[in-house]
Amino acid sequence: DGGITQSPKYLFRKEGQNVTLSCEQNLNHDAMYWYRQDPGQGLRLIYYSQIVNDFQKGDIAEGYSVSREKKESFPLTVTSAQKNPTAFYLCASSRAATGNTIYFGEGSWLTVV
Amino acid sequence: AQKVTQAQTEISVVEKEDVTLDCVYETRDTTYYLFWYKQPPSGELVFLIRRNSFDEQNEISGRYSWNFQKSTSSFNFTITASQVVDSAVYFCALTPEYSSASKIIFGSGTRLSIRP
């Protein structure tokens, strides 16, 4: 089935550690995104990429890093510089053309212990 | 400036009741897209509908219907004969037509609870 796969679903991290969330899509979409959602809140854009080997900061990029070495993959690293990393992270993708629908993965819960 | 307002933070109804979720938007663009997404307890955002600003025809899909009115800048979502499985958070969203999808703006969401 075509879709967006995020892993792991649940992740626990000790303070001071970096952690990488995986996102893979087989929809042949050019654009990929990472959003953060805090409990009871809306979505905030962390990073996005419209083409391989290129990405841009979103509204809350500090403390995060990404790479886009392959069209299908857009991993997100939550670094120790991110002061409040406990949240729900959603990966998404879309066709690159304007106005296209964004499709989301199942999300990853990150908890800092 | 673009903005999406979902004034209803939480709604609770009894199963089989009809329920309408409100969405009001602000934009200076003449062409844009509006969306609705459903977020069940599992967390994934599920795409429900995309509507182009030029198409004001109402849409019906099974028990779901959408009422788009440019005159009032509203894109409301109605669930007829609600079911427990409809319990979720619903997000309305807006993106200008000539912008990257990264410019999509989400409302704060409406939490819908359907009681058996």
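A, B, ... follow the sequence lines: proteins, then strands. Residue 1 opens every chain.
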Identify which part of [X] has an atom lying under 4.5 Å from any heavy atom of chain A, answering side chain, backbone, both or neither.
| X | result |
| --- | --- |
| B/Tyr37 | side chain |
| B/Gln6 | neither |
| B/Thr95 | side chain |

Does a donor on one side chain sit under 3.5 Å from an acceptor on the other, for A/Thr77 and A/Thr20? yes

Assess the side chains of A/Tyr64 and A/Tyr89: does a donor N or O sit below 3.5 Å from an acceptor N or O? yes

B/Val46, B/Leu112: one ILVMFWY side-chain cluster at the under-4.5 Å cut-off? no

Do B/Arg50 and B/Tyr33 form a cation-pi contact, if we require the NZ or CZ to be under 6.0 Å from the six-membered ring centre and within 45 degrees of the ring's axis? yes

Is the B/Tyr25 ring parallel, tilted or perpendicular to the B/Phe68 ring (thresholds 30°, 60°)? tilted

For the pair B/Phe106 and A/Phe104, name the ring-plane relationship: parallel under 30°, tilted 30 to 60°, perpendicular over 60°. perpendicular

Heavy-atom closest contact (B/Val14 atom, B/Ser82 atom, distance): O-OG, 3.6 Å

Can you tell me which portion of A/Glu106 sits under 4.5 Å from chain B's heavy atoms? Options are side chain, backbone, both or neither. both

Please classify the contact of A/Leu45 with chain B as side chain, backbone, both or neither, using a heavy-atom distance under 4.5 Å. side chain

If you count heavy-atom pairs under 4.5 Å between each of A/Gln41, A/Gln50, A/Gln37 and chain B, which one has the most? A/Gln37

Which one wins on heavy-atom pair count under 4.5 Å against chain B: A/Tyr103, A/Tyr48, A/Trp109? A/Tyr48

Selection from B/Lys103, B/Arg111, B/Glu44, B/Gln39 maximising heavy-atom pairs under 4.5 Å formed with chain A: B/Glu44

Heavy-atom pairs under 4.5 Å with chain A are the metric here; pick the option from B/Gly43, B/Ala93, B/Gly109 that has the most. B/Gly43

